[in-house]
Amino acid sequence: MNIVNILEEIEKVDGEIYERLNPRRKAMKEFYNFGSKVAMASVPLAIGSMFKKAYGQTVTPAVISILNFALTLEYLEYHFYNHALLAAPGLLTPGTPAHGAITTIRDHEKAHVDLLAGAIRAAGGTPVSFEYAQFDYTGKGNFNSVYDNYVTFLAVAQAFEDTGVRAYKGQAGGLMGSPYLEVALNIHSVEARHASHIRQMRKATAGGGVNIKPWITGANDSGVAQVAAVYLGEDNVNQANITITNINGQNVPVSAATESFDEPLTRAAVEGIASLFIR
Amino acid sequence: MKNLEKQEQELLQEERSVFTAPLQRRSFLQFAGAGAAGVALVAAGCKKDRGDLMTSTGVTLDFKDDFGILNYAYALEQLEAAFYVQVVKTPYASMPANELALLTDIRDHEVAHREFFKNALSTAAIGSLEVNFSKIDFSSRASVLGTAKAFEDLGVSAYNGAGKMIKSVDYLLLAGKIVSVEARHAALIRDLLENGTFANTEVVAASTGLDTSRTPAAVLAIAGGFIKTEVKAINL
């Protein structure tokens with residue numbers, strides 16, 4: 001077993017492995033000294049303790065809690081789309097672009113569920129788990145036709161995707177310094193891609209011909225009063241004490257100023273929105 | 001959030017104090033940060049007086065602190081904004097009204113991002129980059145949307161890859177506020193080219209459902225093909 005080779009292999013995946021093991025500059029020097037002093041038989045044990053130091057400490061209960069929060073949202077989305085594809089006759093016709101897009105999105109949400117549950121388990125935590133029956137996609141009676149009416153279905157889908165984007169954005173700070181920040185960012189932008197496409201589907205005639213853009217304009221551009229909480233604060237035109245509207249004399253209208261920056265939501269706000277759909 | 005300019009003034013004061021105080025680890029790091037801002041100040045002055053010299057020497061993105069990462073974002077937003085300004089100024093043949101409206105929106109967003117970084121970085125901002133769009137045929141829809149797709153996907157992967165390098169939680173959130181808008185752009189442009197490709201396997205891995213991250217080195221290697229000004233990256 002060549003301990004240096006192992007670290008080099010890890011470095012290909014995690015460029016900061018040396019920094020994680022020992023954030024000081026002498027890390028490599030110390031490491032080679034360390035290697036020369038340890039008998040080969042005890043190397044696996046030593047590696048185990050180093051990994052615990054490198055990664056174990058970063059997976060705090062707070063981080064696992066964030067991952068479970070994200071996992072809950074991914075279950076909410078996954079079962080929503082999966083049921084639409086498998087058990088809502090007439091809603092989506094196989095072979096159509098709509099069916100293809102919802103399938104793509106459903107598959108991503110399933111992958112996110114599996115990825116997050118696996119990460120939580122690997123970190124020694126217990127992932128939450130949800131069945132379809134635990135969700136109420138009518139939103140406690142607000143969207144009774146959600147699986148019968150394509151327009152209603154897309155309206156709920158848009159609310160879920162835009163909420164997802166805001167939820168991950170709100171948790172990025174809590175994941176700083178953990179290996180899950182990049183994972184969360186890479187899910188975050190996928191949810192934004194989904195939201196963009198769902199919004200285009202709603203804009204199409206079949207989707208209701210809703211006057212809406214792929215990006216969020218103002219405080220509630222969805223045309224659905226029941227989901228106002230999803231868009232609360234999206235009309236912000238001030239970033240880091242800098243006014244974006246017509247910034248530096250450029251022609252940036254208020255609409256573009258709100259669209260050009262998506263806003264985060266707190267965990268409590270997201271849980272409030274999600275609770276409408278959890279039995 | 002604290003204005004960057006104000007923060008820099010504090011750092012400069014800190015710089016003076018380090019000559020009189022024992023050089024602790026913390027104050028050394030602050031001193032190093034102030035040094036970068038000082039260099040940027042000199043560069044800005046150089047640009048004002050001798051613009052040609054500035055162009056020939058290029059810009060340096062020093063990734064040792066958040067200034068470098070914000071300037072990296074500023075460089076990419078400059079590139080995107082310049083591109084969409086040209087797209088809207090010289091629309092491709094028979095550009096439909098809905099495409100013109102969407103591309104105009106994107107132009108406004110990228111200009112807003114560019115000007116935001118310029119103001120946030122204040123005196124620490126790099127100068128204006130000179131772009132090179134000789135490979136783009138602005139009269140061709142395929143060329144314009146193909147370039148837009150490349151730029152938007154590149155921007156998403158750049159922000160996704162840089163997130164873990166950001167030290168300030170406020171700047172991380174700002175990057176997050178922008179990257180999801182870039183992802184919305186990317187998905188729209190992809191759908192304009194071919195409906196349903198908003199998150200296909202070119203950008204999102206099927207097994208994990210994760211979008212793409214790129215290192216600054218990889219991003220700059222691609223973006224460099226469209227930027228005349230030499231952009232150097234150090235302390236990566």
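Everything quoted here is computed from the prediction, not taken from an experiment. Lettering of chains follows the sequences in order, A, B, ..., and the numbering in each one begins at 1.
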- prompt: Would a 4.5 Å heavy-atom cut-off, applied to side chains only, mark B:L173 and A:E263 as touching?
  reply: no
message: Could you check whether A:R199 pairs with B:D191 (Lys NZ or Arg NE/NH1/NH2 to Asp/Glu carboxylate O, under 4.0 Å)?
response: no
message: Set out, in order, the CA-CA distance, both residues' side-chain angles and the distance that settles side-chain hydrogen bond (donor to acceptor under 3.5 Å, both in side chains) for A:N186 and B:N160, then state yes or no.
response: CA-CA 6 Å; A:N186 281 328; B:N160 279 349; 2.9 Å; yes
field: Heavy-atom pair with the smallest gap, counting every atom of A:A172 and B:L172
entry: O-CD2, 3.6 Å
message: Looking at every non-hydrogen atom in both residues, tell me the closest pair between B:A199 and A:T104 and how far apart they are.
response: O-CG2, 4.3 Å
message: Classify the ring geometry of B:H109 against A:W215: parallel below 30°, tilted from 30° to 60°, perpendicular beyond 60°.
response: perpendicular
message: Whether the side chain of B:R184 engages the backbone of A:A192 through a donor-acceptor N/O pair (distance < 3.5 Å, no angle test) should be reported.
response: no
- request: Check A:I242, A:V252, A:T243, A:N248 against B:F116 for a side-chain contact (heavy atoms from CB on, under 4.5 Å) and give me the one that passes.
  value: A:I242
- request: Could you please spell out the steps behind the side-chain contact (heavy atoms from CB on, under 4.5 Å) verdict for B:V179 and A:D262?
  value: CA-CA 9 Å; B:V179 66; A:D262 279 345; over 6 Å; no
- prompt: Looking at A:N251, A:T245, A:L181, which one has more heavy-atom pairs under 4.5 Å with chain B than the rest?
  reply: A:L181
message: So which residue, A:M176, A:M201, A:H194, ends up with the most heavy-atom pairs under 4.5 Å with chain B?
response: A:M176
statement: Interface check, chain B: of A:A256, A:S189, A:G173, most non-hydrogen pairs under 4.5 Å belong to A:S189
task: Give, as side chain, backbone, both or neither, the part of B:A206 having an atom under 4.5 angstrom from any heavy atom of chain A.
output: backbone
- request: Could you tell me which non-hydrogen atom of A:P253 sits nearest to which non-hydrogen atom of B:D108, and how far apart they are?
  value: CD-OD2, 3.8 Å
- request: Please report the shortest heavy-atom distance between A:L185 and B:G163, naming the atom on each side.
  value: CD1-CA, 3.8 Å
- request: Could you check if a side-chain atom of B:V111 sits within less than 4.5 angstrom of a side-chain atom of A:S260, using non-hydrogen atoms only?
  value: no
field: Side-chain (A:K169) to main-chain (B:G176) donor-acceptor, under 3.5 angstrom
entry: yes
query: Between B:K167, B:H185, B:K177, which has the largest tally of heavy atom pairs under 4.5 Å with chain A?
result: B:K177
statement: Taken in chain and number order and not counting sequence neighbours, the residues that satisfy side-chain contact (heavy atoms from CB on, under 4.5 Å) with B:I178 are A:F261, B:E77, B:H113, B:F117, B:Y159, B:E182
message: Tell me if a side-chain donor or acceptor on A:R193 pairs with a main-chain N or O of B:F198 at a distance below 3.5 Å.
response: yes
message: I'd like to know if the side chain of A:H112 reaches the main chain of B:G209, judged simply by a donor and an acceptor atom lying under 3.5 Å from each other, with no hydrogens or angles considered.
response: yes
field: Close side-chain approach of A:L115 to B:L210, heavy-atom, < 4.5 Å
entry: yes
task: Please list, in residue-number order, every residue in residues 145-158 of chain B that has a heavy atom less than 4.5 Å from any heavy atom of chain A; write 'none' if there are none.
output: B:D153, B:V156
- request: With the side chain counted from C-beta on, respond yes when A:H197 and B:N195 share a heavy-atom pair under 4.5 Å apart, and no when they do not.
  value: yes
statement: With chain B, the option among A:A101, A:A257, A:A111 that has the most non-hydrogen atom pairs under 4.5 Å is A:A111
